[in-house]
Amino acid sequence: MTAVELEILPLQLLFPDPAMYFPYRENTAYLLIICSIMTCSAVNAEEKEGEILPPTIQKLMKGYNKYLRPFFDNGPVTVGMSLDIASIDTISEINMDYTATIFLRQRWTDERLCFEGNKSLSLDGRLVELLWVPDTFIVDSKKSFLHDITVENRLIRIYPNGTVLYALRITTTVACSMDLTKYPMDKQTCTLQLESWGYNINDVMFYWTRGNDSVRGLNTLRLAQYTVEDHYTSVSEAVYETGRYPKLVFHFDLKRNILYFILETYVPSILLVVLSWVSFWISQSSVPARICIGVTTVLTMTTLMMGARTSLPNANCFIKAIDVYLGICFSFIFGALLEYAIAHFCSLHQPHQKNSTVKKLVDEDDADMNGTITAVSGGQNHQNEPADESRNGKQIKRPRDSVLKRLLCVFYCFHVQNPHHIDNYSRLSFPLSFMIINVIYWVYYLYF
């Protein structure tokens, strides 16, 4: 095979049907020119690939193995971390998680990257593929992604002493276990845990670069329903079947702002309860008016209770504070409706005959008591035996009759002679009991 044929061979591989691309195939000079251009392009591409890295980096990368960690035979490598919280987008009680955008910065020393000079080298983030980096991951993350607009948001900076700064911009959704028994007067503690995936404590050690000050940005955050009360950091170890791994934990306490719920739920509930008391001042003969108020308030309260649960998990094994309050309000509203039903029934069916019977029994009881007293006084004046026997017989029968008559007296005391008095009693008892229960409720859930 001649030299010309050898040069034409790459073109035959690229263009299996040359007649389609080169109508002047017999023109050998033309093909040689094409081959020369392709060869020059390949040489130029190789030269450009060699010129991607500056001489300093080329010298550092010579013999560098990114698959081996720093200090491979001389103990673990220490990795310092710091965080900047850019935003906390959502905190979901339904999914029990929060979504945050963070700037994660990691520092470690790689003795293989030392170079002469007094200035650091800031490299393109894509060069991270050439270096060893820690295999850090977020423990309770449900989903995370690295921002890549306009390029991947990564930073690599190398210092003369071999220190490497690696920064990332990440948005992550992290699970947060919540106790909602005092919702909406609750406080939640969420965490952000960072661990090493494959390197145990014999290979890598994590630490916070500035202690509690290693996490910044929370003081300037403005959340919709929460206020960040406190935050702190801790260092621990994660123990698994495969070994002990380094772990850093960032804790932050969230307190829910109750003002929104007071205006949205508590105030409407209180107004509905007060509205149900209006029926106590309406005449009992106005049946449609009182029934309309009672039924309307009950249905409105039911709708309010259903709306308050839409933003909460459907299946909860605990009763929340807002459920307790809505249940109290619903009980008072329903009690006001039952109050009119009882008052109206008593006004239509007054048991006059039973009342006269009770009064008769009470009068007989009083007469028997007077007779007993007379018999006792007569026994003192006349010391004859028949009188004593008759008095003893009456005393034997009295305990049984006395219990029955006293029970009837108690029933008579609770009997409402005038049904209109029920409304009078309700005007005082309902507001007073509601106020007492409110005091107990707010003191318990705010201070205990």
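Scope of the values below: all heavy atoms of this structure, side chains included, with no hydrogens, waters or symmetry mates. For reference, positions follow the sequence shown, starting with 1.
Judged purely by atom type and a 3.5 angstrom limit, N257 has no side-chain atom pairing as donor or acceptor with the backbone of L259. Judged purely by atom type and a 3.5 angstrom limit, R157 has no side-chain atom pairing as donor or acceptor with the backbone of Y159. Without hydrogens or angle criteria, T297 side chain to G294 main chain gives a donor-acceptor distance under 3.5 Å. With hydrogens and angles ignored, the 3.5 Å screen pairs a side-chain donor or acceptor of T220 with a backbone N or O of G217. At least one donor-acceptor pair closer than 3.5 Å links the side chain of N212 to the backbone N or O of T233. Proximity of a side-chain donor or acceptor of Y445 to a complementary backbone N or O of P184 within less than 3.5 Å is not detected. Panel note: side chain R290, backbone S279; a donor-acceptor pair is recorded below 3.5 Å. For Q193 (side chain) and I138 (main-chain N/O), no donor-acceptor pair under 3.5 Å exists by modelled atom type.
Considering CD of Q106 and OG1 of T209, their distance stands at 11.0 Å, rounded to 0.5 Å. Put simply, CG on D253 and NE2 on H231 are 10.5 Å apart, with the number rounded to the nearest 0.5 Å. For the atom pair CG (L146) and CG (N153), the distance works out to 6.5 Å, reported to the nearest 0.5 Å. Atom OG of S276 and atom CD of E339 lie 10.0 Å apart (nearest 0.5 Å). The distance from atom CG of L275 to atom CE of M301, rounded to the nearest 0.5 Å, is 12.5 Å. Interatomic distance, S82 OG to L104 CG, rounded to the nearest 0.5 Å: 7.5 Å.
The two atoms that bring C114 and L60 nearest to each other are O-CD2, 3.3 Å, heavy atoms only. For the pair R69 and G75, the tightest heavy-atom approach, listed with the atom from each and the gap, is NH1-O, 2.9 Å. Scanning both residues, K142 and N95, for their nearest heavy atoms gives NZ-O, 2.9 Å. Residue N65 comes nearest to R112 through the heavy atom pair O-NH1, 2.9 Å, listed as atom of the first residue, atom of the second, then distance. Listed here is the closest heavy atom pair of S214 and W208: OG-CB, 3.5 Å.
For the side chain to side chain contact (heavy atoms under 4.5 Å, CB included) with S269, the qualifying choice from I333, I328, T300, L304 is L304, the only one to do so.
Donor-acceptor pairing under 3.5 Å is lacking for the side chains of S92 and T90. Defined by atom type and a distance below 3.5 Å, a donor-acceptor pair is present between the side-chain atoms of S234 and H251. Defined by atom type and a distance below 3.5 Å, a donor-acceptor pair is missing between the side-chain atoms of D423 and Y340. One side chain, E195 or Y240, offers a donor N or O that lies under 3.5 Å from an acceptor on the other.
In this structure, the disulfide bond (SG atoms under 2.5 Å apart) partners of C190, at least two apart in sequence or on a different chain, are C176.
Between F334 and F330, the two ring planes are parallel [angle under 30°; tilted spans 30° to 60°]. Note: Y199 and W132 have perpendicular aromatic rings, judged against thresholds of 30 and 60 degrees for the angle between ring planes. Between W108 and Y166, the angle of the ring planes goes over 60°, which puts this pair in the perpendicular group of the 30/60° scheme. The aromatic rings of W277 and F332 stand perpendicular to each other, their planes meeting at an angle above 60°, with 30° marking the opposite boundary.
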**OP:** Apply side chain to side chain contact (heavy atoms under 4.5 Å, CB included) to the pair N200 and S196, showing each step before the final yes or no.
**Re:** CA-CA 7 Å; N200 56 28; S196 175; over 6 Å; no
Subject >> CA sep, side-chain torsions, deciding dist, call: D186, T181, side chain to side chain contact (heavy atoms under 4.5 Å, CB included) >> reply: CA-CA 8 Å; D186 56 329; T181 53; over 6 Å; no
Subject >> Audit row: F252, Y98, ring-ring contact (aromatic ring centres under 6.0 Å, His included) steps and yes/no >> reply: CA-CA 12 Å; F252 57 99; Y98 66 91; 5.4 Å; yes
**OP:** Apply side chain to side chain contact (heavy atoms under 4.5 Å, CB included) to the pair M178 and T189, showing each step before the final yes or no.
**Re:** CA-CA 8 Å; M178 300 182 182; T189 300; over 6 Å; no
**OP:** Could you walk me through whether V235 and F206 pass side chain to side chain contact (heavy atoms under 4.5 Å, CB included), step by step?
**Re:** CA-CA 8 Å; V235 181; F206 287 171; 5.9 Å; no
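Annotation: Y444, atom OH; neighbour count of heavy atoms from other residues, nucleotides and ligands within 6.0 Å does not exceed 12. Taking a 6.0 Å sphere around CZ of F137, one finds it holds more than 12 heavy atoms contributed by other residues, nucleotides or ligands. The 12-atom threshold is exceeded at CZ of R210, counting heavy atoms of other residues, nucleotides or ligands nearer than 6.0 Å. For R216, the CZ atom counts as loosely surrounded, since its 6.0 Å shell holds 12 or fewer non-hydrogen atoms of other residues, nucleotides or ligands. The local environment of NZ in K255 is sparse, with at most 12 non-hydrogen atoms from other residues, nucleotides or ligands closer than 6.0 Å. Heavy atoms from other residues, nucleotides or ligands lying under 6.0 Å from CH2 of W281 number more than 12.
With respect to R105 and D84, a salt bridge is recorded, a charged nitrogen being found less than 4.0 Å from a carboxylate O. Taking the charged nitrogens against the carboxylate oxygens, E93 and K320 have no contact shorter than 4.0 Å, which rules out a salt bridge. A salt bridge is absent between E116 and K59: the closest approach of a Lys/Arg side-chain nitrogen to an acidic carboxylate oxygen does not fall below 4.0 angstrom.
For the pair R427 and F280, the cation does not sit on the ring face, since its NZ or CZ is not both under 6.0 Å from the ring centre and inside 45° of the axis.
Residue pairs meeting the disulfide (SG to SG under 2.5 Å) criterion with at least one member in residues 200-291, sequence neighbours excluded, do not occur.
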